Amino acid sequence: MSRLEAKKPSFCRSEPLTSERVRATLSVLKGIVTSCYGPAGRLKQLHNGLGGSVCTTSQSAALLANLPVTHPILKILTTSVQNHVSCFSDGGLFTAILCCNLVENVQRIGLAPTTVIKLNKQLLSLCTSYLKSEACGCRIPVNFSSTQILLCLVRSILTSKPACMLTTKEINHISTLILRAFLLIIPENAQDHIILGKSIIVPLKHQRVIDSTVLPGILIEISEVQLMKILPIKKSDSFKVALFCVSLSGDLSDTGEGNVVVSYGVSLENAVLDQLLNLGRQLVSDHVDLVLCQKVIHPSLKQFLRTHHVIAVDRVGVAVMEPLSKVTGTRPIGSLDSISPSSYGSVKGLCTAKFGLKHFFHLIPNEATVCSLLLCNRNDTAWDELKLTCQTALHALQLTIKEPCVLLGGGCTETHLAAYIRHKTRSKPEGILRDDGCTQTELQLITEAFCSALESLAGSLEHDGGEILTDGKYGHFWSVQADSPSVVNWPDLLSRCGCGLYSSQEELSWSFLRSTRLPFVPQTCLPCEATGSASNLTLDCFTAKLSGLQVAVETANLILDLSYVIEDKN
């Protein structure tokens, strides 16, 4: 080059949160995620103006993955939320909204960041200690001898994703299938250390949701031509299986780097084909009944195996290799050399199935720790959203094994927790202020900002202009439709609280969520139906929500502690 552009100096901004542009950008992000929250959340359509696929969603995983963010502060927030979702699948919107609320509320107070961060940590510790305690009024233990609480959890997750476009009947059907799929991956003889199996979601688009089903084992999609070549399957007892992760097509794409030396007059294609046929002879002599290949099988090898009554299925794909290994008990074979007898596995049975216009090869395992969830929906957009939701629900159930409890949903945990924190900081402030060098006034200001952030999060569930109330006994969330009379008998308008646990027919007093009210002690004793056979509760995953709370507070503290943002513009 005849000329080089001079290097630009880095761009440095001090006190980034005082910038009006940063505040406005943070407010826009908060508005986007808040409007997606809950069963009545509004959908977002993300697409590239130059073309490409369109994503319609209200889920944080899909939303943040497709939302272009350039400002460093927003990148910190979105990356923290995405990391949380990658670990726990659920609670992304909860985490993002709470983090935005905390930053926004603390900015109005004007206290030093070091003071805010200290007290935020103390309040977070107070929250987590309470949520983990047996005395917590919004924590329900899970009894695995009953499926009601688990069904409520799955149904709550499905209901909160409107882009799935499910009716009540369809939600109940899919909830039952997800729970059945979860139970199928739990080993029958599970001891203290449980190794869960795997649920494979098999797509079947443009079909009725109600046609979805769960089958033990693995469904492998095959063409109708392949199916005709495989049929009939006459053997009735167990099938010996060989699973290949290497190509059996006869090409040299898997030889790696380097040169291939071939003697003069030797046909490379014939030599490779001879090796494949020798492999086929070994499979036949070892009495293998089924050959599965991740990649392609050479037509001549297929014909040879078919002649000797060996079923050959290729192009199964990398996604099902691990489940196939688990179902069959095989070790994937990665070479064309002599095969060790220990590499073979078996399945209990083989059959074919047809769902919609697709044909499948069904492998029935000896021990069902792998299952296939055949998932149907009316169109591609709704199916993509439903698949992501089913994965979230399955992960939430798996997390519940580790922490066998759930939290009340529908905004009730947030309002109850806010009431509890207000009471604790008023009644025993010395327990929080020890060794922190903060005053009681600072504590009350930060407590109010923290509790208001939780209550605003709960209020984000209302998208239609309705009023939000909280009761003075349990501290639960109550929603009133818009355009209700200003002077009313509340029990006539209210039905049940957000989580569905309490009825308005109890002798309760209500106040508007954002109104000024005296701190009170929320009742922490749960009624019997909460731990028994309650069938209409709205619930949240305990582990995901607790982690989301921690991530939101820690990320808000990190953002509040930023003094400079330095960007390299080169």
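Since we're looking at a predicted model, the values are computed, not measured.
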**Q.** Working for salt bridge (Lys or Arg N to Asp or Glu O under 4.0 Å), residues Lys118 and Glu442
**A.** CA-CA 11 Å; Lys118 282 181 185 178; Glu442 289 171 334; over 6 Å; no
Q. Take atom CD1 in Ile195; do more than 12 heavy atoms of anything else shown fall under 6.0 Å from it?
A. no
Q: Output yes when a side-chain donor or acceptor of Trp383 lies under 3.5 Å from a complementary backbone atom of Leu375, and no otherwise.
A: yes
Q) Any ring-ring contact (aromatic ring centres under 6.0 Å, His included) pairs touching residues 124-152, not counting sequence neighbours? A) Tyr130-His416, Tyr130-Tyr420
Q: I would like to know whether Leu508 and Tyr474 meet side chain to side chain contact (heavy atoms under 4.5 Å, CB included); could you show each step before the answer?
A: CA-CA 9 Å; Leu508 300 174; Tyr474 306 108; 3.8 Å; yes
**Q.** Any donor-acceptor N or O pair under 3.5 Å, side chains Glu462, Ser479
**A.** yes
Q | Expected output: side-chain His423 to main-chain Ala418 donor-acceptor under 3.5 Å | A | no
Q: Find the distance between CZ (Phe182) and CZ (Arg180) and round it off to the nearest 0.5 Å.
A: 14.5 Å
Q: State, with a plain yes or no, whether a side-chain heavy atom of Glu455 is found less than 4.5 Å away from one of Phe477.
A: no
Q.
Using a 3.5 Å distance criterion without hydrogens, assess whether the side chain of Asp464 forms a donor-acceptor pair with backbone atoms of Gly466.
A. no
Q) Quick one: does Ser125's side chain have a donor or acceptor within less than 3.5 Å of a partner on Gln122's backbone? A) no
Q: Could you walk me through whether Ile401 and Ile186 pass the side chain to side chain contact (heavy atoms under 4.5 Å, CB included) test, one step at a time?
A: CA-CA 10 Å; Ile401 289 183; Ile186 301 176; 4.2 Å; yes
Q | Between CG on residue Asn105 and CG on residue Leu102, distance to nearest 0.5 Å | A | 7.0 Å
Q: Supply the atom-to-atom distance Ile73 CD1 to Thr78 OG1, rounded to the nearest 0.5 angstrom.
A: 12.0 Å
Q | Partner residues of Lys44 under the side-chain hydrogen bond (donor to acceptor under 3.5 Å, both in side chains) criterion, sequence neighbours left out | A | Ser35
Q: Determine, step by step, whether Leu64 and Val69 satisfy the side chain to side chain contact (heavy atoms under 4.5 Å, CB included) criterion, reporting the C-alpha distance in whole Å, the side-chain angles of both residues, the deciding distance to 0.1 Å, and the verdict.
A: CA-CA 9 Å; Leu64 297 180; Val69 174; over 6 Å; no
Q) Of the non-hydrogen atoms in Leu501 and Arg496, which two are nearest, and what is the gap between them? A) O-NH2, 3.1 Å
**Q.** Short N-O contact, Lys161 and Glu385, less than 4.0 angstrom
**A.** no
Q: Ignoring hydrogens and angles, tell me if any N or O in the side chain of Thr415 forms a donor-acceptor pair with the backbone of Cys412 under 3.5 Å.
A: yes
Q: Identify the heavy atoms of Val85 and Ala61 that sit nearest to each other, and give their distance.
A: CG1-CB, 3.9 Å
Q. Yes or no on side chain to side chain donor-acceptor pair (under 3.5 Å) for Gln59 and Thr389, after CA distance, side-chain angles and deciding distance?
A. CA-CA 8 Å; Gln59 296 197 54; Thr389 305; 2.9 Å; yes
Q. Please walk me through it: do Ser80 and Thr555 pass side chain to side chain donor-acceptor pair (under 3.5 Å)?
A. CA-CA 7 Å; Ser80 293; Thr555 304; 3.2 Å; yes
Q) Would you say Leu549 and Leu131 make side-chain contact, with heavy atoms under 4.5 Å? A) yes
Q: Without swapping roles, check the side chain of Ser212 against the backbone of Cys376 for a donor-acceptor pair under 3.5 Å.
A: yes
(Q) Please give me the minimum heavy-atom distance between Lys402 and Pro404, naming the atom from each residue. (A) O-CD, 3.6 Å
Q.
In the structure I gave you, are the side-chain heavy atoms of Val154 and Leu397 within less than 4.5 Å of one another anywhere?
A. yes
Q. How far apart are the closest heavy atoms of Cys164 and Ala382, and which atoms are they?
A. O-CB, 3.9 Å
Q: Return yes if some donor-acceptor pair links the side-chain N/O of Ser27 with the main-chain N/O of Arg23 below 3.5 Å, else return no.
A: no
**Q.** Set of side-chain hydrogen bond (donor to acceptor under 3.5 Å, both in side chains) partners for Arg378, sequence neighbours left out
**A.** Glu170
Q) Are the side chains of Asn120 and Ile446 in touch, meaning some heavy atoms are under 4.5 Å apart? A) yes
Q: Please assess Leu454 against Ile421 for the test side chain to side chain contact (heavy atoms under 4.5 Å, CB included), listing each intermediate value before the final yes or no.
A: CA-CA 11 Å; Leu454 285 170; Ile421 295 168; 4.1 Å; yes
**Q.** Option from Asp471, Thr470, Leu469 for which side chain to side chain contact (heavy atoms under 4.5 Å, CB included) with His476 holds
**A.** Asp471
Q. To the nearest 0.5 Å, how far apart are CG in Leu374 and CD in Gln207?
A. 9.0 Å
(Q) Can you give me the closest heavy-atom contact between Asp90 and Ala544, atom names plus distance? (A) O-CB, 3.8 Å
Q. side-chain hydrogen bond (donor to acceptor under 3.5 Å, both in side chains) with Glu448: which residues, sequence neighbours excluded?
A. Arg422, Ser452
Q. Under a 4.5 Å cut-off applied to non-hydrogen side-chain atoms, are Leu443 and Cys438 in contact?
A. no
Q: Check for a donor-acceptor pair, side chain of Thr413 on one end and backbone N or O of Leu408 on the other, with a separation under 3.5 Å.
A: yes
Q. Is the shortest heavy-atom distance from the side chain of Leu63 to the side chain of Ser58 under 4.5 Å?
A. no
(Q) With ring-ring contact (aromatic ring centres under 6.0 Å, His included) as the rule and sequence neighbours excluded, what pairs involving residues 16-70 come up? (A) none
Q. Hey, are the side chains of Thr168 and Arg155 touching, using non-hydrogen atoms and a 4.5 Å cut-off?
A. no
Q.
For Ser547 and His84: C-alpha separation, side-chain torsions, deciding distance, then whether side chain to side chain donor-acceptor pair (under 3.5 Å) applies.
A. CA-CA 7 Å; Ser547 171; His84 163 78; 3.2 Å; yes
Q) Got a second to check how far Leu183's CG is from Thr147's OG1, nearest 0.5 Å? A) 8.0 Å
**Q.** Atom pair CG (Leu111) and CG (Leu119), whose distance is rounded to the nearest 0.5 Å
**A.** 8.5 Å
Q: May I ask you to say whether Glu403 pairs ionically with Lys132, meaning some side-chain N is under 4.0 Å from a carboxylate O?
A: no
(Q) Under the rule for side-chain hydrogen bond (donor to acceptor under 3.5 Å, both in side chains), what residues qualify as partners of Asp211, not counting sequence neighbours? (A) Arg208
Q: Using modelled atom types only, decide if a donor and an acceptor are shared between the side chain of Asn377 and the backbone of Asn379 within a distance under 3.5 Å.
A: no
Q: Could you tell me whether the side chain of Ser504 and the main chain of Ser495 form a donor-acceptor pair under 3.5 Å?
A: yes
**Q.** Any Glu554 side-chain heavy atom under 4.5 Å of Lys121 side chain
**A.** no
Q. Which atom names give the shortest non-hydrogen contact between Cys497 and Trp478, and what distance separates them?
A. N-CZ3, 3.3 Å
Q: Could you walk me through whether Arg139 and Asp540 pass salt bridge (Lys or Arg N to Asp or Glu O under 4.0 Å), step by step?
A: CA-CA 10 Å; Arg139 177 176 175 267; Asp540 289 326; over 6 Å; no
